[in-house]
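These numbers come from a predicted model, not from an experiment. In what follows, chains carry the letters A, B, and so on, assigned in the order in which the sequence lines appear, proteins first and then strands, with residues in each chain numbered from 1.
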There are 2 protein chains.
Amino acid sequence: MSRDYGQYCGLARALDVVGDRWNLLIVRQLLIGPARFGELREGLSGIATNLLTDRLRDLEAGGVIERRLSEDSNAITYALTPWGAQLREPINALIRWSTPLMIRGLEGDEFRPDGLLVALPALFAGRIPADQAVAVGVTVDGVTVQLQATDAGVGVGWPDGRELDAVLTAEAPFVLGLAAGVLSLDDLAALIDIEGDESALRTFFEAPRPSVDVTG
Amino acid sequence: MSRDYGQYCGLARALDVVGDRWNLLIVRQLLIGPARFGELREGLSGIATNLLTDRLRDLEAGGVIERRLSEDSNAITYALTPWGAQLREPINALIRWSTPLMIRGLEGDEFRPDGLLVALPALFAGRIPADQAVAVGVTVDGVTVQLQATDAGVGVGWPDGRELDAVLTAEAPFVLGLAAGVLSLDDLAALIDIEGDESALRTFFEAPRPSVDVTG
DNA sequence: CCGCATCCTCATGGATACTG
DNA sequence: CAGTATCCATGAGGATGCGG
């Protein structure tokens with residue numbers, strides 16, 4: 001690849017920059033936060049190191065990411081530029097579109113809980129669940145992610161020490177189906193585990209959210 | 001490519017289906033409307049025929065497109081499935097993201113006016129410009145596209161015979177900059193040509209629209 | 001270890017010619 | 001017109017090496 005489409009079309013030009021294999025997955029990792037070379041390699045399930053080097057150079061030349069030398073020099077950190085960070089919207093849209101592919105289950109694919117930090121905001125995008133200061137946890141593969149009601153919508157992140165009103169423990173496909181609104185807590189009653197105030201969970205998982213289609 | 005990422009991640013699974021080279025551009029063409037093999041080949045500026053065949057098969061197997069045999073058989077038409085048509089949102093998001101790349105100008109790339117039928121709805125996405133029954137034309141490369149105020153937002157299409165309140169003639173980058181809101185009619189006064197009621201054009205090009213960043 | 005370069009193999013992309 | 005078949009260049013993927 002790396003070959004330009006040669007079309008004066010927004011989609012073609014966007015793909016000239018981020019369409020190469022691995023590029024958008026690198027951006028996904030950096031949407032979680034700045035990362036070192038090795039962290040990226042780890043989060044991308046073992047991309048070949050030469051490819052990661054190439055892609056990082058391409059993305060830097062394209063203005064999507066930047067290299068930062070940490071204070072003590074010698075340590076290079078990769079981070080999104082402001083423009084690169086705006087890829088969150090296209091990526092969120094692709095994540096919502098992929099819902100029919102996700103509710104099929106893992107099918108042998110590798111699951112990394114930090115992916116929830118990108119997937120859950122995409123599925124909850126922009127909706128405002130409640131005025132209350134509700135915070136719940138979602139535990140997948142033994143790792144807990146915190147959902148928190150904010151004025152702007154649902155905030156997603158690692159637990160920040162605050163008390164959780166409830167914790168939902170479930171397999172990854174169930175969590176994503178719940179977040180996308182194609183599965184309900186009642187549907188999954190026998191397959192999930194809930195501790196604490198179940199109504200706090202319903203605040204999140206029964207509120208309106210971006211429509212996704214499951215026709216696929 | 002065609003190789004799966006092997007990650008249980010919405011973005012990775014989406015790219016497993018539409019991430020191969022040419023795939024999203026094929027979807028872009030089909031967002032304009034169903035098309036024959038030769039029309040796709042034409043609209044993709046001469047993609048190799050074997051690649052087009054491969055991609056069409058992949059997309060069909062992935063549930064994104066379907067082959068329709070026309071009534072008199074012998075003529076195959078390709079069209080998006082309902083799920084495939086939902087790629088409009090991710091594609092729109094990428095088109096909005098690409099604005100900084102587009103306002104740089106053509107730079108030798110091929111421009112096809114039918115691309116405006118996809119680009120303009122992306123840039124006007126969802127906003128409601130006016131209650132009036134205003135319709136204007138945008139002429140690029142001698143081809144005119146019609147913009148029409150509707151309850152749902154801006155409707156974009158080929159002229160349907162109705163009388164146009166105004167016609168804007170300009171180079172493609174100017175039209176896209178105007179639609180994205182990073183250029184104004186006043187900025188471009190000397191570079192564009194306006195016939196008819198200029199205020200009708202302002203109804204479209206000075207209304208609020210999705211924010212795009214030009215930091216790139 | 002971390003960041004990257006080099007080599008090698010093989011799948012994929014791309015251009016052309018060809019066929020029903 | 002709608003694809004196949006063929007050939008070649010390129011890129012992906014994996015292993016390894018190397019300086020810091």
Open item on the list: Measure CZ/B:Arg55 against C1'/D:dG3 and give the value in whole Å, please.
Closed with: 15 Å
TODO: Round to the nearest Å and state the distance from A:Asp20 atom CG to D:dA12 atom P.
DONE: 6 Å
- [ ] Enter the inter-axis angle for the ends of the helix from C:dC1-D:dG20 to C:dG20-D:dC1 (five pairs per end, rounded to 10°).
- [x] 30°
Task: Between P of D:dG3 and CD1 of B:Ile47, the distance in whole Å - done: 13 Å
- [ ] Just call it for B:Arg41: base, sugar-phosphate, or nothing, with non-hydrogen atoms closer than 4.0 Å on any strand.
- [x] nothing
Task: Whole-Å gap separating P (D:dG13) and OH (B:Tyr5) - done: 8 Å
Open item on the list: Taking the six-membered ring of B:Tyr5 as reference, does the cationic atom of A:Arg21 (NZ for Lys, CZ for Arg) lie under 6.0 Å from its centre and within 45° of its axis?
Closed with: yes
Open item on the list: Distance alone, cut at 3.5 Å: any donor-acceptor contact between the side chains of B:Tyr78 and B:Arg67?
Closed with: yes
- [ ] Give me the ring orientation class for A:Phe205 and A:Phe124: parallel if the planes are under 30° apart, tilted from 30 to 60°, perpendicular past 60°.
- [x] tilted
Open item on the list: For D:dG13 and A:Arg21 - does any side-chain N or O of the residue sit under 4.0 Å from the phosphate oxygens OP1/OP2?
Closed with: yes
TODO: Using a cut-off of strictly less than 4.0 Å, decide whether B:Arg3 has a side-chain nitrogen or oxygen near OP1 or OP2 of D:dG14.
DONE: yes
Open item on the list: Among A:Val140, A:Ile103, A:Leu106, exactly one meets side chain to side chain contact (heavy atoms under 4.5 Å, CB included) together with A:Pro173. Which residue is that?
Closed with: A:Leu106
Task: Euclidean distance, atom CG of residue B:Asp58 to atom C1' of C:dA11 [Å, nearest integer] - done: 14 Å
Open item on the list: Just the rounded figure in Å: distance from C1' of D:dG14 to CG of A:Leu44.
Closed with: 16 Å
Open item on the list: Can you tell whether the side chains of A:Arg68 and A:Glu66 come within less than 4.0 Å, N to carboxylate O?
Closed with: yes
- [ ] Could you point out which residue of B:Thr99, B:Leu183, B:Val182, B:Leu116 forms a side chain to side chain contact (heavy atoms under 4.5 Å, CB included) with B:Leu176?
- [x] B:Leu116
- [ ] Please report the closest heavy-atom contact between B:Gln148 and B:Asp160, naming both atoms and the distance.
- [x] OE1-OD2, 4.3 Å
Check the interface with nucleotides 4-7 of chain C: list each N/O to N/O pair with the protein under 3.5 Å, or write none.
residue, atom, partner, partner atom, Å
C:dC4, OP1, A:Arg67, NH1, 3.0
C:dC4, OP1, A:Arg67, NH2, 2.9
C:dC4, OP2, A:Tyr78, OH, 2.7
C:dA5, N6, A:Thr49, OG1, 3.2

Open item on the list: salt bridge (Lys or Arg N to Asp or Glu O under 4.0 Å) for B:Arg57 and B:Asp54? Distances and angles first, verdict last.
Closed with: CA-CA 5 Å; B:Arg57 297 242 191 288; B:Asp54 286 352; over 6 Å; no
Task: Note: B:Asp109-A:Arg13 ion pair, threshold 4.0 Å (strictly below) - done: yes
TODO: Round to the nearest Å and state the distance from A:Leu40 atom CG to C:dC1 atom P.
DONE: 18 Å
- [ ] Rounded to the nearest angstrom, tell me the gap between atom CG in B:Leu52 and atom P in C:dA15.
- [x] 13 Å
